Amino acid sequence: MRRIVPSVPFLLQAALGQTPARLTVATDDPVLAELFAELTIAAVAPPPRDVADAPGGGSALAQHMLGCLRAGDLAAAQRALAAAHARARADDAAPTDRWWFLLALGWFVDASEDPAAADACWPLAQRLARPLAAAPTALHYADECLVIQALFASAALRLRRGRSGVHCADLALARLGQLETVWEQRMRGRFASQRREALTARRAHPPADVRDLDPAWFGLPAVLPMRQRHDDTALADLTAQAAANPAADTLAAAASRLAAAAMLRDGPARLAAYRAVRRLAARPASPGDAARALDALLLALTGIRHATDFTLEDGFVLLSPWLPPDLGVLAVRGIAARGAVLDLAIERRDGPPRADEVEVTACVGGDRPRLASTVALRQSVGGVQRLVVVLGDWQTLGHELAVGDRWLTSLPTPQLETQDQPR
């Protein structure tokens with residue numbers, strides 16, 4: 001039996017019966033537990049003033065706010081949102097500052113389910129939605145996807161305030177459909193990083209760019225078949241590049257690969273990216289990179305994300321537990337999502353079903369290898385019940401939890417993650 005090695009704060013809070021104010025991770029890998037603690041601290045640290053105040057600093061501020069949400073620090077997230085609001089309102093703000101602000105506002109409202117907390121930002125969000133609808137097609141694929149995601153965020157924000165978001169959603173879907181006519185490289189099965197007319201004849205087929213997976217990281221839905229092929233092909237290309245030259249790899253790039261691999265449920269690529277994030281996160285990280293790494297690790301291991309695509313997973317919390325082969329148990333306390341705070345424990349099991357699995361409705365599959373996942377709803381806005389959905393490799397289960405409830409699922413898992421070589 002593997003032994004859980006919790007952090008010191010985790011033990012103190014457990015002994016005192018206190019509820020952790022921030023995300024806390026305990027696992028049988030003490031190095032991973034310490035890495036989570038370090039990333040949580042780094043993610044809530046404000047980005048340097050010269051980065052946040054510079055034109056284009058909206059990306060750093062949005063990532064900082066996402067890191068605060070992931071760390072469970074709502075007060076710090078509100079301060080980050082206020083900084084993003086000020087940056088987007090500035091006269092010298094770049095268009096991307098305003099797009100990132102809309103995403104940050106959408107993430108905050110989606111995570112907290114407290115629209116009143118973002119009332120001060122609503123007038124600016126309304127004003128930005130109008131020029132956004134008429135924004136020219138961007139030169140870079142990732143920037144165009146950012147515009148599309150900002151439109152989806154605007155639609156979701158309007159719906160949450162009791163207004164129609166159909167117009168913004170229709171514009172987003174129309175621009176999503178135009179991707180195939182502007183950036184598609186059909187022979188390569190992915191989109192080009194730059195718009196076709198911006199490419200020279202010599203660069204008609206450029207290699208995959210590190211930003212090509214950003215849309216998967218910040219939650220743009222892979223609605224089109226070509227988007228799905230792009231994410232899969234770009235992930236394979238970038239995984240091969242990182243394996244060939246690990247010295248040139250960066251934490252942000254590894255985090256993007258990890259998020260994309262988790263969304264695509266690509267076992268070998270997810271394992272390779274997970275190991276790269278662990279290796280690169282051991283170095284000092286900027287707040288933005290720490291936030292991306294923290295978000296990607298939580299997405300890969302638990303399946304719970306904050307960078308929601310605003311069109312899927314509406315009204316429920318999606319879990320998709322995964323453990324790398326050298327990890328036997330993982331306990332995460334204080335996961336904030338959908339206006340709820342959850343605790344999640346994941347354990348790798350084999351052999352005959354145990355006593356706590358007798359009443360489990362899932363198909364345990366005899367003595368097959370499986371992941372046993374216990375989720376507990378600790379807090380919920382308004383005390384309402386939350387629908388939690390667990391996505392397994394062959395089965396999906398859902399259950400409504402009230403505050404204080406616990407729910408165990410035990411689902412078979414293939415052993416594809418034991419492959420050490422990337423695709």
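Reckoned from all heavy atoms, side chains included, excluding hydrogens, waters and symmetry mates. Given the structure is predicted, the values throughout are model-derived calculations rather than measurements.
Residues P46 and H64 are in side-chain contact: their nearest non-hydrogen atoms beyond the backbone lie under 4.5 Å apart. Side-chain contact check for D29 versus L35: every heavy-atom pair is 4.5 Å or farther apart. L179 has its side chain out of reach of M226: every pair of non-hydrogen atoms, C-beta onward, lies at least 4.5 Å apart. In this structure, R161 and Q126 have side chains that are not in contact, with every pair of non-hydrogen atoms separated by 4.5 Å or more. Two residues are said to be in side-chain contact when any heavy atoms from C-beta on lie closer than 4.5 Å; H140 and W183 fail this criterion. Here the side chains of L377 and V388 are not in contact, with every heavy-atom distance at 4.5 Å or above. The side-chain heavy atoms of R190 and D237, taken from C-beta on, include a pair separated by under 4.5 Å. At least one side-chain heavy atom of L124 sits less than 4.5 Å from a side-chain heavy atom of R127.
Checking side-chain atoms of R158 against main-chain N and O of S164 turns up a donor-acceptor pair under 3.5 Å. R348 contributes a side-chain N or O that, together with a main-chain N or O of L323, makes up a donor-acceptor pair within less than 3.5 Å. Checking side-chain atoms of D212 against main-chain N and O of D209 turns up a donor-acceptor pair under 3.5 Å. Judged purely by atom type and a 3.5 angstrom limit, T27 uses its side chain to pair as donor or acceptor with the backbone of V329. Put simply, the side chain of R338 never gets that close to the backbone of R386: no donor and acceptor are under 3.5 Å apart. Looking only at distances, no side-chain donor or acceptor of E144 sits under 3.5 Å from a matching main-chain atom of T137.
The distance from atom CG of L74 to atom CZ of F108, rounded to the nearest 0.5 Å, is 4.5 Å. To the nearest 0.5 Å, atoms CG (D73) and CD1 (I41) are separated by 12.0 Å. If you take CG on L299 and CH2 on W322, they are separated by 11.0 Å, rounding to the nearest 0.5 Å. Interatomic distance, CG of D97 versus NE2 of H85, reported as 13.5 Å (0.5 Å rounding). Atoms NE2 and CG, on H230 and L235 in that order, are 10.0 Å from each other to the nearest 0.5 Å.
A salt bridge does not link D350 with R370: every distance from a Lys NZ or Arg NE/NH1/NH2 to an Asp or Glu carboxylate oxygen is 4.0 Å or more. A salt bridge links R292 with D214: at least one charged nitrogen is closer than 4.0 Å to a carboxylate oxygen. Using a cut-off of 4.0 Å between Lys/Arg side-chain N and Asp/Glu carboxylate O, R406 and D356 are scored as not salt-bridged.
Between W100 and W107, the two ring planes are perpendicular [angle over 60°; tilted spans 30° to 60°].
Of all heavy-atom pairs spanning A300 and L258, the tightest one is CB-CD1, 3.6 Å.
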**OP:** I would like to know whether L298 and R70 meet side-chain contact (heavy atoms from CB on, under 4.5 Å); could you show each step before the answer?
**Re:** CA-CA 8 Å; L298 287 172; R70 277 305 209 179; 3.7 Å; yes
**OP:** Run the numbers on Y141 and R211 for side-chain contact (heavy atoms from CB on, under 4.5 Å), then give the verdict.
**Re:** CA-CA 8 Å; Y141 165 77; R211 294 185 62 198; over 6 Å; no
**OP:** Test L132 against R98 for side-chain contact (heavy atoms from CB on, under 4.5 Å), laying out the working first.
**Re:** CA-CA 9 Å; L132 179 67; R98 299 185 170 100; over 6 Å; no
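Donor-acceptor pairing under 3.5 Å is lacking for the side chains of Y274 and R270.
The 12-atom threshold is exceeded at CZ of R279, counting heavy atoms of other residues, nucleotides or ligands nearer than 6.0 Å.
Of the residues T396, L397, L319, the one that meets the side-chain contact (heavy atoms from CB on, under 4.5 Å) test with L391 is T396.
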